Amino acid sequence: MAEKAKKIHRFQIGLNVVVQIGLLIFVALMVNYLGFEHYRRWDFSRDHKYALSDKTKRMLDSLKGKLRITVFFSPNTPITNDVQGLLTEYQYAAKGKIDVEQIDPERSFSRAKELFDKYKVVTDESMLVLDYEGRNKTVKASEMAEVDQSGVAMGEGPRVTAFKGEQAISSAIIDLTEGKKNIIGYVLGHKEPPIATAAPNLMTMERPPDSPISVLKTFIENENIKLQELNLFNVDAIPAEMKTIMIVGPQYDFSDREMQLLRDFWNKQGRILLLLDPSAKTPKLDAFLAELGVKVNDDRLMAMVRTGIEEIARVRDVIGRFLPDSAITKRLADVRAPFLGGTCSLTLDSQRVQAGGVQLQPLVEAEKGYWGEVDYNSDDPAKLQFEQNRDHAAPLTIAVSIEKGGSGDARVRVNSSRMVVVSNALFVQDNALTQDQQALDFISGSINWLMSREQMIGIAPKVPKTLTFSLDQTALRNLRWIVLVLMPLVPALIGSAVWWKRRA
């Protein structure tokens, strides 16, 4: 007798289907939730123009209130898509502290007029309006990009040559959050590089050369800082609004009166950035540093490098390595940067430090292979060799921070005197800055440490540069063969193979 068929339990089947569908919906919801709340973003563009810098991220973390950004951009503005993508990164990094409203002035006329009246906008140019705690600032499209208009006369559209939106937006946010600009006194009177460009000659109409540190000046001023000329001959004391001063490559020594002003400034919790030119003789300035435990050695750093199979050359441009133990350089740890021109070594006097209550911290050391040559003016190659008992051996310090009256605990804020000393003044000039701008990041970190703005220390947005290729004769010859022979040959071979296959 055939076995009796089992009864179909329709209710159980239906319940299983409902449970399975519910589980699928739950899993889908969880995957979408996790993807929305916990995700990573990558920038695969050539120059990473959308990836925010370390400094911008740290600045956004320090925001206390809500930042509102209103975008007044027409669709035909060349950088509209770039700005929208960049603002998305700002919102992601700010973690809910930034609200963005997109307004097309040509379509949303009433809303645009309402906000124009509120923010007192009087320009037709595409722009952003940043509003933070009742203060607002505009960032125009022309400030966020360098545009080539040379092809407009030929019927071509404007071409964006460099997008610098992050520099402009981050600078505006710093201005809003800090309010009043910080003033740094730039000491003049000893043949330091000028920071101001002189007016053109009215007789010849010749334009004088730009400041040799114009890139550094622009870079610093983008961080809500104003560089103001300071001649110590013309003042009885360093002005109270100047909490920090810069001394860049003095060619002449300071007078006794100037040195007294510097000492008074230092003793009143002053902050000093000092870049030395080893070729200049400044005994009074060197004696002041010696009082603080930093000896400026009368030597020049050099190294022997291999330039060929059997060729060795002596170089005086120093490759420096940033040390990780300081708040100034820890984010540049183990990064290498060139210090062009003459560089001398600095010796730290630990006994004087202990007696005077001064904290010294090496910031940059010369890469392995360098030595401090004492007989650096000799023309005899035999003398320009390392001698154990005469020259200075590694480690060779070329930058140091000095603090008097500070606390060893970074969490404790106290008023203290601070100084950064670098034994090279040429590495910040326009013709010496590298494309990777490590020098700018180092100087920016030093200034922010001097001004007690540790939260602003980090890798700054890259200075936009045009991508160029330099081809020598060999490269041009290879390119010619590739274009004239290889490129036509590849499709010809593929076509011949297809024809032969079909013929067979």
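Side chains included, hydrogens not; waters and symmetry mates left out as well; all remaining heavy atoms used. Note that the structure is a prediction, hence the values are computed from the model and not measured.
- Atoms CG and CZ, from Asp441 and Phe219 in turn, are 5.0 Å apart once rounded to the nearest 0.5 Å.
- With sequence neighbours left out, the side chain to side chain contact (heavy atoms under 4.5 Å, CB included) criterion links Asp277 to Gln251, Ser279, Ala280.
- Within the 4.5 Å cutoff, no side-chain heavy atoms of Val420 are placed close to those of Arg271.
- In summary, Arg257 and Asp236 engage in a salt bridge, as defined by a charged side-chain N under 4.0 Å from a carboxylate O.
- Using modelled atom types, one finds no donor on one side chain facing an acceptor on the other under 3.5 Å when comparing Gln269 with Asn415.
- Partners of Ser326 under the side chain to side chain contact (heavy atoms under 4.5 Å, CB included) rule, at least two apart in sequence or in another chain, are Ile328, Thr329, Gln361, Leu363.
- Using a 4.5 Å cut-off on side-chain heavy atoms (C-beta onward), Arg68 and Glu101 make contact.
- Heavy atoms of other residues, nucleotides or ligands lying less than 6.0 angstrom from NZ of Lys137 number 12 at most.
- Side chains of Asp256 and Gln260: no donor on one and acceptor on the other come within 3.5 Å.
- Summarising the geometry, atom CD belonging to Glu221 is positioned 7.5 Å from atom CD1 belonging to Ile195; distances are rounded to the nearest 0.5 Å.
- With contacts defined as side-chain heavy-atom distances shorter than 4.5 Å, the pair Lys66/Asp99 qualifies.
- No hydrogens or angles considered: a donor-acceptor pair under 3.5 Å links the side chains of Ser444 and Lys55.
- Centroid-to-centroid, the aromatic rings of Phe254 and Phe288 stay 6.0 Å apart or farther.
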